[in-house]
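Below is one structure; the comments refer to it alone.
Naming convention: chains lettered A, B, ... in sequence-line order (proteins, then strands); numbering from 1 in each chain. The figures here come from the full heavy-atom set of this structure, side chains too, leaving out hydrogens, waters and symmetry mates. On a predicted model such as this, the values are computed, not experimentally measured, just so you know.
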Amino acid sequence: MPINYYIFLAIALFSIGVVGVLTRRNAIIIFMCIELMLNSVNLLLVAFSKMHHLAAGATPTTGIDGQLFVFFIMVVAAAEVSVGLAIIVMMYRNIHSVDVNFLNRLKH
Amino acid sequence: MNITQILFWFLSVIAIFSALMVITSKNPVHSVLWLIVTFFAISGHYIVMNAQFLAIVNIIVYAGAIMVLFLHVFMLIDLRANTEPQQNRWIKIAGGIAGGSLMLVMIAALRNVDIKAQDAGINTNNIGLIKNLGRELFTTYVIPFELSSVLFLSAMVGAVVLGKKD
């Protein structure tokens, strides 16, 4: 497949994630939209890794870095989710809601 | 239209449709389930691109571990008590316009870009197999790999400290 299609697919998924972050008020759904954005970037990295290997495949491991970056993004995302969900549970325990509109105390 | 093109369009339609359902469905549990469908479609893309290790890791880590964690948090939080209130309609419209403008700008910027090899070589090489990835991971990238264990340890400590009742 031409690389352009993968670029457009990743842009579409990323924009859907951005719209979700901007429109939803539930903190957990905002968190899920961030995961969606991370996944779209992962998809684009894998596509570019394959493209780079095809274009400049001097050695058998050319372009393998992109896929390892995707692996490390997944590692960081797993750690991020554990801490983020702990924060959301703590927020629910303190204000009895997961609506981000109630978190405006810094404004005053 | 050969088999890879059919697979590409099929998986893309599934991914985009389920991503839209994630942000539009009212029930948060349905959002989680649609997000799992999206992750499976993206894993299908990885398989089409012959990145088999990442496809399996994507299913195990994302659809298996992270989404189960989300469902557990939904179990801990009483959802019926706080259904999302009817918010301002203009906020939704403004968010849709902003995201759509972002998509338009990025597509317009990248539409005519000159990429040297305009092909994501499908099924032409085997750099995505676990043998090659593992060898590279344990030779060139062994220090970041070990550092990620420290990251996991700190994340575990942080989650325990945050979740403690005090």
**Q.** Closest-packed option against chain A by number of heavy-atom pairs under 4.5 Å, given B/Leu54, B/Val73, B/Leu35
**A.** B/Leu54
Q: Answer with side chain, backbone, both or neither: which region of A/Val76 has an atom nearer than 4.5 Å to a non-hydrogen atom of chain B?
A: both
Q | Minimal non-hydrogen separation, A/Arg93 against B/Lys164, with atom names | A | NH1-O, 3.5 Å
**Q.** Contact origin within B/Val32 toward chain A - heavy atom pairs under 4.5 Å
**A.** both
Q | Check: B/Met103 and A/Val18 side chains under 4.5 Å, non-hydrogen atoms | A | no
Q | Engaged part of B/Asn2 at the chain A interface, taking heavy atoms whose separation is under 4.5 Å | A | neither
Q) Where on B/Phe53 is there a heavy atom nearer than 4.5 Å to chain A: the side chain, the backbone, both, or neither? A) side chain
Q. Is it true that B/Ile77 and A/Val83 fall in one hydrophobic cluster, defined by side-chain heavy atoms closer than 4.5 Å?
A. no
Q. Which answer fits A/Tyr5, side chain, backbone, both or neither, if we ask what part of it has an atom under 4.5 Å from a heavy atom of chain B?
A. both
Q. What closest approach, in Å, do B/Met49 and A/Lys50 show between heavy atoms, and which atom pair accounts for it?
A. O-CE, 2.9 Å
**Q.** Common cluster, B/Val105/A/Phe8, ILVMFWY with side-chain heavy-atom separation under 4.5 Å
**A.** no
Q) In terms of heavy-atom pairs under 4.5 Å, which option from B/Leu76, B/Val61, B/Val22, B/Leu20 contacts chain A the most? A) B/Leu20
Q: Over all heavy atoms of both residues, which pair between B/Gly99 and A/Val19 is shortest? Give the atoms and the distance, please.
A: CA-CG2, 3.5 Å
Q.
Side-chain heavy atoms nearer than 4.5 Å, only ILVMFWY residues, links allowed to pass through others: does that put B/Val150 and B/Val160 together?
A. no
Taking distance alone, no hydrogens or angles, what donor-acceptor pairs closer than 3.5 Å link side-chain atoms of residues 27-46 of chain A to residues at least two apart or in another chain?
| unit_1 | atom_1 | unit_2 | atom_2 | d |
| --- | --- | --- | --- | --- |
| A/Asn39 | ND2 | A/Glu35 | O | 3.3 |
| A/Ser40 | OG | A/Met37 | O | 2.8 |

(Q) Which heavy atom of A/Leu13 sits nearest to which heavy atom of B/Ala19, and what is that distance? (A) CD2-CB, 3.8 Å
**Q.** Option that, when pairs with chain A are counted at under 4.5 Å, heavy atom only, ranks first among B/Phe145, B/Phe39, B/Phe8
**A.** B/Phe8
(Q) Looking at every heavy atom in both A/Asn26 and B/Pro28, which two are closest together, and how far apart are they? (A) ND2-CG, 3.8 Å
Q) Checking B/Trp34 against chain A: side chain, backbone, both or neither under 4.5 Å from a heavy atom? A) neither
Q.
For B/Thr38, which atoms come within 4.5 Å of any heavy atom of chain A: side chain, backbone, both, or neither?
A. side chain
Q) More than 12 heavy atoms of other residues, nucleotides or ligands under 6.0 Å from CD1 of B/Ile6: is that the case? A) yes
Q. Any idea which of B/Thr24, B/Val57, B/Asn58 has the most non-hydrogen atom pairs under 4.5 angstrom with chain A?
A. B/Asn58
Q: Could you tell me which of A/Leu85, A/Val81, A/Leu22 has the largest number of non-hydrogen atom pairs under 4.5 Å with chain B?
A: A/Leu85
Q) Shared ILVMFWY cluster between B/Met21 and B/Phe70, side chains joined below 4.5 angstrom? A) yes
Q: Taking the side chain as every heavy atom from C-beta outward, state whether A/Arg25 and B/Ile91 have any pair of such atoms under 4.5 Å apart.
A: yes
Q) Which answer fits B/Tyr46, side chain, backbone, both or neither, if we ask what part of it has an atom under 4.5 Å from a heavy atom of chain A? A) side chain
Donor-acceptor contacts, no H, no angles, side chain residues 63-75 of chain A, under 3.5 Å, sequence neighbours left out:
| unit_1 | atom_1 | unit_2 | atom_2 | d |
| --- | --- | --- | --- | --- |
| A/Asp65 | OD2 | B/Tyr141 | OH | 3.2 |
| A/Gln67 | NE2 | A/Ser49 | OG | 3.3 |

Q | B/Ser154 versus chain A, the contacting section by heavy-atom distance below 4.5 Å | A | neither
Q) Mind checking whether B/Phe17 and B/Ile36 sit in one hydrophobic cluster, side chains of I, L, V, M, F, W, Y counted as touching below 4.5 Å? A) yes
Q) To the nearest 0.5 Å, what is the distance between CD1 (B/Ile16) and CG (A/Leu9)? A) 5.0 Å
Q.
Does any backbone or side-chain atom of B/Ser25 lie under 4.5 Å from a heavy atom of chain A? Answer side chain, backbone, both or neither.
A. backbone
Q) Which atom pair, heavy atoms only, marks the closest approach of B/Phe152 to A/Ala79? A) CE2-N, 4.0 Å
Q | Residue, of B/Ile93, B/Thr140, B/Leu69, that accumulates the most heavy atom pairs under 4.5 Å with chain A | A | B/Leu69
